[in-house]
Amino acid sequence: MKDLRRLLPLFGEYRRDLFLAMGFVLIETFFELVIPVLMADLIDVGVAGGDVHYILVKGAQMGLCAVLALIAGLLYARFAARAAYGWGANVRLAQFERVQAYAFGNLDRFETSSLVTRMTTDVTVLQNAVNGGLRPLVRSPVMLCMGVGLSFMMNARLALVFVVCAPVLACILFFVVRSVAPRYPLLQRAVDKLNAVVQEDLTAIRAVKAFVRGEYEEEKFSSVNTSLMETSRGTFRRAVLNLPSLQAAMYVSVVGIMWFGGGMITRSELLVGELTGFLSYVLQVMNSIMMISGIFLMLTRSLASARRIGEVLEEEPELSSPPEALTQVADGRVDFEGVSFKYRAEAAENALSGVELHIAAGETVGILGGTGSAKSTLVQLIPRLYDATEGRVLVGGRDVRDYDLAALRDAVAMVLQKNVLFSGTIRENLLWGDPGADEETLMAACRAACADEFIERLPRGLDTDLGQGGVNVSGGQKQRLCIARALLKKPKVLIFDDSTSAVDTKTDACIRKALREFMPETTKIIIAQRTASVEDADRIVVMDGGRIMAVGTHAELMAANEVYREIYTSQNKAGAEE
């Protein structure tokens, strides 16, 4: 219940709709409970005495109560829907905003598919609980108390049936809820797994087709789909036992009341109208009990979803801006002072160990090393995507932990190893770098990134739609657009994380030349796999196993560093032989 209570404040502006919906349920319930009393009088007085006027008056009163109950029910439906779907929208927004505040370390603890499920399926469960459960939640206790009270007022002896039925119904509800409750978290995790397979398969659909692995993926999907089906079947097979069990108890009670009531009528101890009205209350009471049991099941599932949503909202971002944070980065100077880093505190080894590196403002530094040498890890510490485990990272002469996160990241542009474009046009993607950029500024950045040559060939130019994830452009074109987007930020530090791997060496050289002219004062850090991309850098850093092995110019490293010389020779062997 703690998780559910945490989400209740998110009703926000829809709290008024929630209370109005509850009020209209009470009004509807009141009018429905008045009808059996009027019906008993109609039969026992009007029909028994042949008083047509009395019958018409009571009939009109019953009709008015029914109409008023209908209007109240319609108004409930309106306000309950607004409250439920407004609450759902607020819960989704709260989760999304929380995820946006996460550091990379927080995101490592959640699978993408699980976050999608928590923002969609789990929120839908909560919405359905309010939309479908609010009415019985308010109505059932009122109907139960008033129905039992009025039944005892009508005939206390017949009302003893509730005393007999109540323990039976309570036992049925207890065993059903106890059996079903542990299965709802399993059901949601099965949905997570299904979403993970669907997301992975659709993202990599071209690779699946290229390797003719369609049948393998179908089998994998069939496996998780069957698992979800079996989990759902096992869960709801137990849940549906609730209704027939309660209905059986209700019909047994009705038969018992008819049996004993009929005997009392023959002995003139009970009127027919009283028995008819009493049966109406019995049915209402039994229906309220069944609705309460349904609420328990709905609440059980809602609690499982609320717990999963609560995990997202309670996750504290690992990184945050300090009090009185700095909002200005003086220049592009970058310093690593005795930096060591591990992704998890319990990890046996550091990803980075004892890094000591000083980069002057406006300097161009290349970083070279084999796969797994922690090149990307090193540069991710600069915009504080992760915090160093030991030592300090400084930008502009100040510890990155002293800056406001938004200000620091605005001063550090990073073109990631995995290029990411969003659905929309080229212009919309470029404006991420500078929302106020005009056409000339956009094209200047595109020329510096050598993206203008293919943009100008497109029929709609900058307004060309890229499709989902940029599927309408090639890998090299996508990289150049990402570089142009980063240039538009006019950053103090520009990081290329192997961002020209998909372009040819000629284009790569053109981009590097344009960068020197376009952003002469910006510090440029270039991670590359090929030596040609960093040969003209002011300094080159050679990394291996999370450590810096050597630092120097191309000529110095060729003369003094065997690792760099081996990399250079292997990449240029064909040319050297020729």
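Values reported hereafter were calculated over all heavy atoms of this structure, with side chains retained and with hydrogens, waters and symmetry mates removed. This chain uses plain numbering: 1 for the first residue, then up along the sequence. Please read all numbers here as calculations on a predicted model, not as lab measurements.
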With rounding to the nearest 0.5 angstrom, report the CG to CE distance, L378 to M543.
5.0 Å

Would you say N128's side chain and V125's backbone share a donor-acceptor pair under 3.5 angstrom?
no

Would you find more than 12 non-hydrogen atoms of other residues, nucleotides or ligands less than 6.0 Å from E324 atom CD?
no

Could you check whether any side-chain N or O of K524 sits under 3.5 Å from a backbone N or O of V493, counting only pairs where one atom can act as donor and the other as acceptor?
no

Rounded distance [0.5 Å steps], CG in L494 versus CD1 in I526
8.0 Å

Minimal non-hydrogen separation, V312 against L115, with atom names
CG2-CD2, 4.0 Å

Set of side chain to side chain donor-acceptor pair (under 3.5 Å) partners for R427, sequence neighbours left out
E439, D463

I want to check something: taking the side chain as every heavy atom from C-beta on, are R189 and T117 in contact at a cut-off of under 4.5 Å?
no

Would you say the side chain of R118 lies within less than 4.5 Å of the side chain of Q95, judging by non-hydrogen atoms?
yes

Take atom CD of E215 as the centre, draw a 6.0 Å sphere, and report whether it contains more than 12 heavy atoms from other residues, nucleotides or ligands.
no

Test item: E32 side-chain N/O and A69 main-chain N/O as donor-acceptor pair under 3.5 Å
no

Looking at E315 and R109, is there a salt bridge between them, counting it only when a charged N and a carboxylate O are closer than 4.0 Å?
yes

Pairwise distance CZ(R92) to CD(E97) - rounded to 0.5 angstrom:
13.0 Å

Checking side-chain polar atoms at under 3.5 Å, does T425 have a donor or acceptor matched by the opposite partner on D465?
no

Please find the pair of heavy atoms, one from A445 and one from L487, that lie closest to each other, and give the distance.
O-CD1, 3.9 Å

With a 4.5 Å heavy-atom cut-off, do N90 and L7 have their side chains touching?
no

Nearest 0.5 Å, please: how far is OG1 in T441 from CG in L430?
11.5 Å

Could you pull out all residues at least two apart from S222 that satisfy side-chain contact (heavy atoms from CB on, under 4.5 Å)?
T226

Is there side-chain contact between L421 and R485, with heavy atoms separated by less than 4.5 Å?
yes

Salt bridge or not for D335 and R333, using N-O below 4.0 Å?
yes

Less than 4.5 Å apart, side chain to side chain, heavy atoms only: is that true for I382 and I525?
yes

Could you verify whether a donor N or O on one side chain and an acceptor N or O on the other, from T327 and D404, lie under 3.5 Å apart?
no

Here the gap from T377 atom OG1 to L385 atom CG, rounded to the nearest 0.5 Å, amounts to 11.0 Å

Ion pair check, R98 and E316, cut-off under 4.0 Å
yes

Any donor-acceptor N or O pair under 3.5 Å, side chains D108, Y386:
yes

Among side-chain atoms of S305 and D122, is any donor-acceptor pair under 3.5 angstrom?
yes

Counting the benzene-type ring for Trp, do Y14 and W87 have ring centres under 6.0 Å apart?
no

More than 12 heavy atoms of other residues, nucleotides or ligands under 6.0 Å from OH of Y343: is that the case?
yes

Could you tell me whether the side chain of Q477 reaches within less than 4.5 Å of the side chain of I455, counting heavy atoms only?
no

Sidechain-backbone polar pair: S114 side chain, E111 backbone, donor-acceptor under 3.5 Å:
no

Residues 391-400 side chain polar contacts: donor-acceptor under 3.5 Å, at least two apart:
unit_1: R392; atom_1: NE; unit_2: E337; atom_2: OE1; d: 3.3
unit_1: R392; atom_1: NH2; unit_2: E337; atom_2: OE1; d: 2.9
unit_1: D399; atom_1: OD1; unit_2: R401; atom_2: N; d: 2.9
unit_1: D399; atom_1: OD1; unit_2: R401; atom_2: NE; d: 3.3
unit_1: D399; atom_1: OD2; unit_2: R401; atom_2: NH2; d: 3.4

Any side-chain heavy-atom pair from V379 and I367 closer than 4.5 angstrom?
yes

Could you tell me whether D192 and R308 make a salt bridge, using a distance below 4.0 angstrom between a side-chain N and a carboxylate O?
yes

